> 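Once you've had a glance at the structure underneath, I'll fire off some questions.
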Amino acid sequence: MSAPSPFRSPSFNVLSRLLRSSPALLDTTFDQLRTLITVAETGTALAAARTLGRDQSSVQKQLDTLNRNFSELCGEPLLHRQGRGRDVLFTDTGRAVAQQARRTLTEWLDTIHECRRELGGTLTVGATRYTLGSLAHAGDLVAEQFRARDIELNVVHVRTKDLIDRLLAKDVDLVCGSVVTTNALDSVDVLEWRRSGLGILTNMDTPKPGESVHTSELPTLPLVVPSGGVINDFMRGWFGSDYRNRLDIVAEIDSAQYGFELLRSGLIRGCMLVTQGLGEAAGENRLHAASGLRTITLVDDIEPKLELLVGVFARRGERSSYPDSHPLNLLWNALHQAGEASWLEVDR
C-alpha cells in the first residue's frame, strides 16, 4: 500500500478555508489586534498600556500570546522586546499583521457604523464655523427625541471648499454651509437659507464712501484674497482659472481674521474680498475684528451671475428613501424650522 502523498490541493472555498483554519488564528481576538495596533503606534508595551488604560502586564501577556500564535502560523514572532525604554522591534510578519489588523478593524467599524446609520442609530453632521448657531438651534428641537431613542449625533467641522466632496464621500450625512451656484448641485438635495454675493472691506480712501465697485473693475484694484475657498470660486467664475495673472493680488490670506489684522495694521493698502454677510456685519459694526475698515458694495456685472448659496445639503434622494422618523429627516425638518439663525457665513 503506497504512502499518502505529501501534497494537498488548496481550497478556494471560503467556508472550507475557515473550517481548516488553525486554532492559533481563530483564537486571535479583536482586543488583541487593537493592542497590537496600539503598540505599533506608541512604540512600547508601557506606552500602549497607558493609552489603553491597562496594566503593562496585561498588554505584555497579549503580545506574548500573539507572538506564540503567529510563530506557529507564520514561522516567526510579530515583534521583539529591545530592553527597557526602547521601542519594540517589529518583524516583517509583525508589520504585515499590524497593517492587516488596521484594515480589518477599520472595515468592521465602518460596516457597523453604516448599519447603524441605515437603521437610524447614528447621524453625522458637518458644519462650517459660522453655521454652528443654526445647527445648535435645530439640535435643541430634536434633542428630546434623539435622547429617547438613543440616537448618536456627531458634529464635525467642514471647510466650505470641501463641503460637497465630504458629503458625497459619506464622511457626513448632512452638512450646513455654502457653495457657489456654479458648482454642480444635481447630486444633492438643498434646503436654501440665503443667497448673496461678495463685498469689499478696505483701508483705502478710494472708492469714496457710498460708491460701489463693479466686478469688471476688480483688475484695477489691489486685492487681498484667500488662498482657497469660495472666494476663489468666484474669481475663477469671473476671470478664469488664471485669475491670479489677471488681477493685482497684493496679499493671499489663509483666514478672514488674518486679513482683517493685515488691513488694520496698515502694512498694506488694499481691498479684501469677503462674503456679503461678513461685509454687512462689518458695515453695521457687528464685527469687532474688522473695526476701522470701510465696506464697499460689489455689483456683479459679469455673466454668468454668481451667488453664494447658504443652506443645508444632503445626498440626492437619500432622505426620501427613509421614513419621516429617521434622524436624517428629523434634523432636516428641524433645520427648516430653525431657518436662518444669527450667524455670518465666512469663506474658510
Side-chain angles (χ1 to χ4, degrees), residues 106-196 229-230 233-234 236-237 275 304-341 343 345 347-348:
T106 297
E107 289 174 0
W108 269 91
L109 291 171
D110 289 346
T111 298
I112 291 170
H113 175 80
E114 183 63 18
C115 290
R116 290 196 66 205
R117 190 187 69 82
E118 289 286 341
L119 294 172
T122 185
L123 187 70
T124 301
V125 182
T128 54
R129 179 181 176 185
Y130 291 95
T131 58
L132 287 174
S134 294
L135 180 58
H137 187 185
D140 290 340
L141 297 177
V142 298
E144 186 175 341
Q145 294 182 71
F146 277 37
R147 280 194 297 267
R149 292 169 52 186
D150 196 26
I151 296 171
E152 178 186 337
L153 179 61
N154 301 302
V155 179
V156 298
H157 174 230
V158 296
R159 293 185 179 275
T160 301
K161 64 184 180 66
D162 302 322
L163 187 147
I164 299 298
D165 288 342
R166 293 195 61 181
L167 180 65
L168 297 181
K170 292 191 174 182
D171 292 337
V172 294
D173 302 307
L174 180 150
V175 65
C176 304
S178 59
V179 297
V180 178
T181 50
T182 53
N183 292 347
L185 297 177
D186 55 354
S187 57
V188 297
D189 290 334
V190 181
L191 171 59
E192 185 175 324
W193 279 340
R194 177 183 181 183
R195 287 177 181 255
S196 64
V230 294
D233 290 339
F234 275 92
R236 277 188 288 270
T275 58
K305 294 292 191 296
L306 303 181
E307 291 181 300
L308 188 67
L309 191 161
V310 186
V312 187
F313 306 86
R315 287 179 288 275
R316 174 74 71 182
E318 188 168 42
R319 292 186 307 108
S320 61
S321 69
Y322 296 136
D324 292 342
S325 59
H326 191 279
L328 180 61
N329 285 322
L330 291 176
L331 187 59
W332 180 277
N333 293 332
L335 286 163
H336 182 69
Q337 293 178 53
E340 190 174 348
W343 53 267
E345 180 58 24
D347 173 37
R348 297 294 292 169

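Owing to the predicted nature of the structure, the values given are computational and were not obtained by experimental measurement.
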> Could you tell me which non-hydrogen atom of Arg316 sits nearest to which non-hydrogen atom of Leu185, and how far apart they are?
NH2-O, 3.4 Å
> Could you go step by step and tell me if Lys161 and Val230 meet the side-chain contact (heavy atoms from CB on, under 4.5 Å) rule?
CA-CA 6 Å; Lys161 64 184 180 66; Val230 294; over 6 Å; no
> Looking at every heavy atom in both Ser178 and Leu163, which two are closest together, and how far apart are they?
N-CD1, 3.5 Å
> Within this structure, what is the OG-CG distance for the pair Ser321 and Asn329, rounded to the nearest 0.5 Å?
8.0 Å
> For Arg315, check side chain to side chain donor-acceptor pair (under 3.5 Å) against everything at least two apart and list the hits.
Asp173, Glu318
> Identify the two heavy atoms, one from Leu135 and one from Cys176, that lie closest to each other, and give their separation to 0.1 Å.
CD1-SG, 4.4 Å
> When you measure from the side chain of Arg116 to the backbone of Gly121, do you find a donor-acceptor pair of N or O atoms at a distance under 3.5 Å?
yes
> For residues Thr131 and Ser134, is any side-chain donor paired with an opposing acceptor at under 3.5 Å?
no
> How far does OG1 of Thr122 sit from CD1 of Ile151, to the nearest 0.5 angstrom?
9.5 Å
> Which value, rounded to the nearest 0.5 Å, describes the distance between Phe234 atom CZ and Glu307 atom CD?
8.0 Å
> Compare all side-chain heavy atoms of Thr124 with those of Asp171 and state whether any distance is below 4.5 angstrom.
no
> Calculate, to the nearest 0.5 Å, the distance between atoms CG and CG belonging to Leu123 and Leu330 respectively.
9.5 Å
> Quick one: does Val172's side chain get under 4.5 Å of Val156's, heavy atoms only?
yes
> Tell me every residue that passes side chain to side chain donor-acceptor pair (under 3.5 Å) with Arg149, counting only those two or more places apart in sequence or in another chain.
none
> My understanding is that only residues two or more places apart in sequence, or in another chain, count here; which of them pass side-chain contact (heavy atoms from CB on, under 4.5 Å) with Asp110?
Thr106
> Over all heavy atoms of both residues, which pair between Leu335 and Ala138 is shortest? Give the atoms and the distance, please.
CD2-CB, 3.4 Å
> Which residue, Val175, Val312, Leu168, forms the side-chain contact (heavy atoms from CB on, under 4.5 Å) with Val188?
Leu168
> Under 3.5 Å, side chain of Arg319 to main-chain N/O of Leu328, donor-acceptor pair present?
no
> Can you tell me how far apart OG (Ser187) and CD1 (Ile164) are? Round to the nearest 0.5 Å.
6.5 Å
> Given salt bridge (Lys or Arg N to Asp or Glu O under 4.0 Å), test Asp162 with Arg159 step by step and report yes or no.
CA-CA 5 Å; Asp162 302 322; Arg159 293 185 179 275; 5.7 Å; no
> Mind listing the closest non-hydrogen atom pair of Leu132 and Ala127 along with its distance?
CD2-CB, 3.8 Å
> Between Phe313 and Trp332, which heavy-atom pair has the shortest distance, and what is it?
C-CZ3, 4.1 Å
> Once side-chain contact (heavy atoms from CB on, under 4.5 Å) is applied, do any residues pair with Glu114, and if so which ones, sequence neighbours excluded?
Arg117, Glu118, Lys170
> Between Thr181 and Arg195, is a side-chain contact (heavy atoms from CB on, under 4.5 Å) present by the stated rule, with each step listed?
CA-CA 9 Å; Thr181 50; Arg195 287 177 181 255; 3.3 Å; yes
> NE2/His326 to CG/Leu331 distance, rounded to the nearest 0.5 angstrom?
11.5 Å
> Please list, chain by chain and in numerical order, all residues satisfying side-chain contact (heavy atoms from CB on, under 4.5 Å) with Thr111, sequence neighbours excluded.
Cys115
> Quick check against the 3.5 Å criterion: does Thr128 have a side-chain atom that pairs as donor or acceptor with the backbone of Thr160?
no
> Looking at residues at least two apart in the chain, or sitting in another chain, which of them share a ring pair (Phe, Tyr, Trp, His ring centres under 6.0 Å) with Phe146?
none
